[in-house]
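Remember, predicted model here, so these are calculated numbers, not experimental data.
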Amino acid sequence: MKNTKYFPFERNKYFYGKLLSVDDFELEQRYGNDKRRMLNRFLQGSGVVAGLYAVRLDERTLSVEKGFALDALGREIVVDAPVICKLQLLEGYASCVEESGKDYVYLCLDYEEEESGIVHNIAGNAMRPDESEAYNRIRETYRLYVTDEEPEQGRLDQSALYEQERTLYAQDGVKIKLAAPKYVEAGGAGELRLFIENLSKTYLSFSFRLALEYMDCEGKSAIAVNFNEMQFEKTGSYELSYEVEAADLPGALASVHVEEKSAKLFFNKEPREFAASDGAIAMQIRLIQEDIRSCMVRDYYKTAMENLAQNSGRERLYLAKIYLLRTGDGCAIDRIENLPFGQYILNQNLSFALHQLTMEGGGVPAARERRAKEQKGINGQGQPPAVRFAQGSVWLDLSGGGQRGDRFLSDEIPHGLGLGNVSMQAGLEGADGAVTYGSSEIFADMDVMLEVAVRTFPERGTFQIGARLREPAIKSGVTVHWLAVKREEEKEKKKLVRKIFIRPGVLELAVRESHYLEAVCTNMEDTSVVWSVQGQGGTMSENGLYTAPNTPGVYEVVAESVAYPDVKASIFVVVREA
């Protein structure tokens, strides 16, 4: 029953006296299975429904928790008990790790069937009369294996319905991918994204130019892309984004591609080959006038049946990405990333809960509503935000008058609202006691024409008033009234997360070789650390000098905070023969 073709559907027609054969009974089973699996594939999709989480037990062993999944043909895969696997014993390990030399592999799950339950066959075998036994059951089971093959672009991620990807470079543990939208509203904005993954121990840098057609970036028809890993914390994964403006030409096909001979790539300043033809990495983007969602839905329904018929059975179920550390006697498991391509299926309960969370307080609509209330001056309790204010007046000495353009300044005055930003207003008092805010030139009955301004000093909680004569004056001084307003906002106090990062993140040495390690502490006043090495893995000095042991292997070096003993970090050091 491992057929990979659903249709055309055919079922038994019964009548009195019909002679039922093995083929008839198999047809009966196949009809029910194919109908169910087709519904699974079209309505649910493929991926993990529950469980199947991969956990690292030690450097060479992992466990796959029990769970349930649907494969690309809609077939149900049930792992009814946790499975403990030795990495080196998994199918595909030798070809993926020992021969290819990659620093990672993918753990995959496949649907399998096996025959069981041998019973006596009373009819025997017409071709082989001496064979009087046959299998009585077909057991639905599974197969775990590892592979280094990447999934086909756009096959697994749901974002492929509205976004397209092209791999620009994939070699030596480095992968560079460009993502662009499938649709952009004519005259609107879109986003190009560049994903960089560097699993090697070297530093990566590259540059190239992205040529644009019917689009521009900051008014230019090309984007100069430059990346230098030395400018980032070495995490191995990076993302760059560029906003583009589409031409107002509904129906046109915009395009983006790497200009020929513009690409350069370096590993630790050593040049590498980085070239691809335009056609291999060109992407076209439809400029549309209608809603993007409408285009996506229409295109999906037009092509879903054809895509399923063409690609059934070609999709793997990727449970995890296993990063490896190479040692003298094989590979050790560094870390495990579960469901690296997001192959999971949301059931109705989870989908409904996510919808509720979005609508009732945890998602975008609720956040928009809160922002709207804040813009209207209303906080979460339905009360106006707390406001403090202070006011007063100051005599501004004009020194008996002056000429047009003369400037006069008051002393520095405390407003009494404490440190921080305040809003200030200053008004000029006339002879009749009226106070004028703004330009005094508007009112013809002013006895002196002055421009008044206020400068605040948030770090000292003070301000200074200045004035400039618009016309000659003979007055000795004027009274300036001032108002200071400070809004007290309730700010959420974010808990500072204390962390330690060790540089470099991965270290490879020869036996008895030494290297300085640096512990970078964040959100800590006391940055002193204590270094240690697990087991007999070498020695560490107080200032971070690590010396490798005489024996090759993989050893763990730990940096622990002195002030915060629960804060620590570690790296693995690979020691090889000289």
**Student:** If you count the non-hydrogen atoms of other residues, nucleotides and ligands that lie under 6.0 Å from CG in N543, is the total more than 12?
**Tutor:** yes
**Student:** Are any of the side-chain heavy atoms of D71 and S46 separated by less than 4.5 Å?
**Tutor:** no
**Student:** Which atoms form the tightest heavy-atom contact between S541 and W531, and what is the distance?
**Tutor:** O-CD1, 3.9 Å
**Student:** Evaluate the side-chain proximity of H481 to Q391: yes if any heavy-atom separation is below 4.5 Å, no if none is.
**Tutor:** no
**Student:** Between F267 and R272, is there a cation-pi geometry (under 6.0 Å to ring centre, at most 45° from the normal)?
**Tutor:** no
**Student:** If you measure only the distance, is there a donor-acceptor pair under 3.5 Å linking the side chains of E229 and Y238?
**Tutor:** yes
**Student:** For the residue pair S410 and Q464, confirm or rule out a side-chain donor-acceptor distance under 3.5 Å.
**Tutor:** no
**Student:** Rounded to the nearest 0.5 Å, how far apart are CD of E560 and NZ of K568?
**Tutor:** 4.5 Å
**Student:** Can you find a pair of side-chain heavy atoms, one from E412 and one from F457, that are under 4.5 Å apart?
**Tutor:** yes
**Student:** Any side-chain donor paired with an acceptor under 3.5 Å for S241 and E239?
**Tutor:** no
**Student:** Check the side chains of E150 and Y106 for a donor-acceptor pair under 3.5 angstrom, ignoring hydrogens and angles.
**Tutor:** yes
**Student:** Should we say atom CZ of F389 is surrounded by more than 12 heavy atoms from elsewhere, each under 6.0 Å from it?
**Tutor:** no
**Student:** Would you find a donor on one side and an acceptor on the other, under 3.5 Å apart, between the side chain of R209 and the backbone of V225?
**Tutor:** no
**Student:** Step through it carefully: locate the ring centre of W482, locate the ring centre of F463, and say whether they are under 6.0 Å apart.
**Tutor:** yes
**Student:** Answer yes or no: is there a donor N or O on one side and an acceptor on the other, between the side chain of E163 and the main chain of P181, under 3.5 Å?
**Tutor:** no
**Student:** Ion pair present between E337 and R56, side-chain N to carboxylate O less than 4.0 angstrom?
**Tutor:** no
**Student:** Run the ring-centre check on Y169 versus F208 and record whether the distance is less than 6.0 Å.
**Tutor:** no
**Student:** Using the ring of Y104 (Phe, Tyr or Trp, six-membered ring only), decide whether K321 places NZ or CZ under 6.0 Å from its centre and within 45 degrees of its axis.
**Tutor:** yes
**Student:** Please check if atom CD in E556 has more than 12 non-hydrogen atoms from other residues, nucleotides or ligands closer than 6.0 Å.
**Tutor:** yes
**Student:** Is there a donor-acceptor contact under 3.5 Å linking the side chains of K86 and T61?
**Tutor:** yes
